[in-house]
2 protein chains.
Amino acid sequence: MPHKSASVKTIPDIVVGRLPFYLRTLRALAAEGREITSSSDLGNRLGLTSAQIRKDLSYFGEFGKQGLGYNIPFLVDQLRRILKVDRVWEVVLVGFGDLGRAIAHYHGFHDRGFEIRMVFDSDPAKIGQSLAGFTVDDMNAMVEKVRAAKVRVAMLAVPATSAQKVADLLIKGGVRAILNYAPTTLNVPKGVAVQNIDPAAHMQHMTYYLEP
Amino acid sequence: MPHKSASVKTIPDIVVGRLPFYLRTLRALAAEGREITSSSDLGNRLGLTSAQIRKDLSYFGEFGKQGLGYNIPFLVDQLRRILKVDRVWEVVLVGFGDLGRAIAHYHGFHDRGFEIRMVFDSDPAKIGQSLAGFTVDDMNAMVEKVRAAKVRVAMLAVPATSAQKVADLLIKGGVRAILNYAPTTLNVPKGVAVQNIDPAAHMQHMTYYLEP
DNA sequence: CCTCATTTGTGATACATTTCTCAATCAGCG
DNA sequence: CGCTGATTGAGAAATGTATCACAAATGAGG
């Protein structure tokens with residue numbers, strides 16, 4: 001997933017993956033009216049060491065003041081810029097079953113940079129249903145409509161059996177980032193980012209540590 | 001999160017976290033009627049190297065046959081035993097808003113070892129609502145009911161502002177594994193496992209790699 | 001029954017990530 | 001205006017993880 005480039009030093013993907021949590025925590029602090037914080041305060045809240053937070057941030061620049069710490073609104077702005085969520089990304093949602101509907105109704109994406117603008121499904125019974133601002137559209141029209149709207153971010157909430165086919169179509173339409181809710185591994189070309197959400201896998205990860 | 005013990009060599013948490021995906025893939029193969037597979041076949045399907053899969057499995061035993069590969073039903077059984085999902089875990093769900101309702105209706109947990117058996121919410125308007133087999137209960141009764149039923153696994157779908165308080169109560173009631181859907185970092189004592197689900201964080205991870 | 005093509009399990013090696021440490025810097029204060 | 005306590009940023013060291021490479025084992029085919 002990480003980009004490579006000759007001039008700019010490449011940043012570890014695992015570091016990039018922590019930034020959204022830094023941002024989330026900083027915004028919670030900002031909402032409480034706090035103006036400054038320190039790497040150790042952030043570390044406590046995030047369950048990480050202060051050194052890790054300082055090193056992670058140092059990949060991107062010098063955002064703190066020695067002796068003082070970090071200005072919260074400033075650091076929020078910087079992280080939003082780095083993560084490119086200082087704008088709103090149009091998102092296409094595919095699959096309007098129970099899960100897709102729940103995603104469509106979830107309001108947590110909005111103020112973190114994402115807005116679902118198109119929904120597709122292949123089931124004729126669902127096509128045409130409308131909800132807050134958009135209508136469920138036929139998947140046969142998907143590639144063209146996604147391409148025309150230049151949408152580059154997708155959420156995939158279809159059965160595992162059709163997930164790969166739908167992902168291929170999305171990529172054909174120009175999508176370059178896929179949040180995959182289907183419990184299957186997607187094969188995508190270089191230049192396309194995939195993140196997987198599998199709650200049952202998280203659960204099984206935890207039961208390993210439980211006593212029988 | 002990983003256990004420590006003097007006698008048994010401790011297994012890297014990152015390895016444990018991959019096992020559910022191995023299991024998921026093996027079960028898909030089994031569903032296709034396949035009997036055997038190899039580390040390289042698995043690696044291709046999972047986007048990992050064959051060496052990694054062999055090394056991961058070797059932490060737990062010798063499950064393959066040289067020259068042949070792995071017997072799928074056998075390896076499925078082994079992984080289910082290792083992850084302790086060769087049984088069904090009773091789960092308590094807290095929070096019956098949009099998200100909690102979606103989780104309650106999701107059928108993907110069932111055949112992966114989890115069954116939601118209790119639901120709690122603090123909103124009087126929601127208490128008493130009943131659905132497939134259970135009734136939404138008052139959160140004031142939660143600690144006692146969870147303790148009485150010896151439930152050790154929870155899913156947390158409450159607002160970020162109350163997540164920590166609810167987690168504290170769950171732990172007081174004996175819960176030792178929490179799947180946290182609230183967009184906040186939980187502080188828990190040693191011996192309690194937490195896994196976080198934050199779709200917006202995954203999205204922000206991906207936008208980092210998109211061209212402006 | 002011998003050879004060949006495969007594939008595992010694992011020690012050794014290479015690579016990646018985290019933590020340690022400390023010089024440099026800063027605001028506050030007397 | 002110089003001292004004090006706090007805190008950053010980053011090189012060095014320590015730790016953790018992934019890959020390599022190969023001996024050992026296996027079934028198939030002649």
Side-chain angles (χ1 to χ4, degrees), chain A residues 1-4 8-19 21-22 25-26 29 34-76 78-79 82 185 205 208, chain B residues 1-5 8-19 21-22 25-26 29 34-76 78-79 82 205 208:
Chain A
M1 217 106 317
H3 275 302
K4 289 254 173 171
V8 180
K9 64 169 179 290
T10 211
I11 286 149
D13 183 61
I14 197 159
V15 171
V16 176
R18 279 191 292 266
L19 300 185
F21 296 95
Y22 296 178
T25 302
L26 286 162
L29 287 171
R34 294 266 310 268
E35 276 286 321
I36 62 165
T37 184
S38 63
S39 59
S40 53
D41 178 35
L42 276 177
N44 289 149
R45 289 170 190 273
L46 284 154
L48 304 172
T49 66
S50 59
Q52 179 161 61
I53 288 174
R54 291 200 301 279
K55 179 142 290 245
D56 283 356
L57 294 175
S58 78
Y59 280 104
F60 301 94
E62 309 194 355
F63 303 125
K65 279 220 178 69
Q66 284 156 333
L68 252 197
Y70 300 91
N71 178 284
I72 292 173
F74 173 74
L75 190 49
V76 164
Q78 293 302 309
L79 287 172
I82 292 164
T185 306
H205 186 164
Y208 173 82
Chain B
M1 216 103 319
H3 276 300
K4 289 252 176 173
S5 146
V8 181
K9 64 170 179 290
T10 212
I11 286 149
D13 184 61
I14 196 158
V15 172
V16 176
R18 279 191 292 265
L19 299 186
F21 295 96
Y22 295 178
T25 302
L26 286 162
L29 287 172
R34 293 266 311 267
E35 275 286 323
I36 63 165
T37 183
S38 64
S39 60
S40 53
D41 178 36
L42 276 176
N44 287 149
R45 289 172 190 272
L46 284 154
L48 305 171
T49 66
S50 58
Q52 179 161 62
I53 287 174
R54 291 199 302 278
K55 182 147 283 248
D56 282 357
L57 294 176
S58 77
Y59 280 105
F60 301 94
E62 309 195 353
F63 303 125
K65 281 219 176 73
Q66 285 159 330
L68 251 198
Y70 300 91
N71 177 285
I72 293 171
F74 173 74
L75 191 48
V76 164
Q78 294 302 309
L79 286 171
I82 292 164
H205 185 163
Y208 173 83

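The chains referred to below are lettered A, B, ... by the order of the sequence lines, with proteins before strands, and numbering in each begins at 1. The shown structure was predicted, so the numbers you read here are calculated from the model rather than taken from an experiment.
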Query raised in the report: Where do A/L19 and A/F60 land on the side-chain contact (heavy atoms from CB on, under 4.5 Å) test, with the steps shown first?
Result: CA-CA 11 Å; A/L19 300 185; A/F60 301 94; 3.6 Å; yes
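Counted by atom type alone, A/T25 and A/R45 present zero donor-acceptor pairs between their side chains at under 3.5 Å.
With DNA chain D read from its 5' end, the first of the two nearest nucleotides for B/R18 and B/Q66 is the one closest to B/R18. For the pair B/F63 and A/L48, both in contact range of DNA chain C, the more 5′-proximal nearest nucleotide belongs to B/F63.
Note: A/L48 CG to A/S40 OG = 12.5 Å, rounded to the nearest 0.5 Å. To the nearest 0.5 Å, the span separating CZ on A/R54 from OG1 on A/T49 amounts to 8.0 Å.
Protein atom CD of B/Q78 is 12 Å distant from nucleotide atom P of C/dG9, rounded to whole Å. The distance from atom CG of A/D56 to atom P of D/dA10 is 13 Å, rounded to the nearest whole Å. For A/Y59 and C/dT17, the OH to P distance is 7 Å, given to the nearest whole Å. If you take CG of A/D13 and C1' of D/dT17, they are 15 Å apart, rounded to a whole angstrom.
No contact: B/S40 has no heavy atom under 4.0 Å from any strand. Looking at heavy-atom distances under 4.0 Å, A/I14 makes contact with sugar-phosphate atoms alone, never a base. Counting any heavy atom pair closer than 4.0 Å across all strands shown, A/S50 reaches no nucleic acid atom.
Residue B/R54 places its side chain closer to D/dA21 than to any other of D/dA18, C/dT7, D/dA21. Distance from the side chain of B/S58 is smallest to C/dT10 among C/dT10, C/dT18, D/dT17. Candidate nucleotides C/dA27, D/dT8, D/dT17 were compared by shortest atom distance to the side chain of A/Y70, and D/dT8 ranks first. Closest contact between the side chain of A/T49 and the listed nucleotides C/dG9, C/dT19, D/dA10 involves C/dT19. Closest to the side chain of B/S38, out of D/dA18, C/dT8, D/dG11, is C/dT8. Which of C/dA27, C/dG11, D/dA10 sits closest to the side chain of B/K55 comes down to C/dG11.
Here the side chains of A/F21 and B/H205 are not in contact, with every heavy-atom distance at 4.5 Å or above.
In this model, the phosphate group of D/dT8 is approached by a side-chain N or O of A/S39 to a distance below 4.0 Å at OP1 or OP2.
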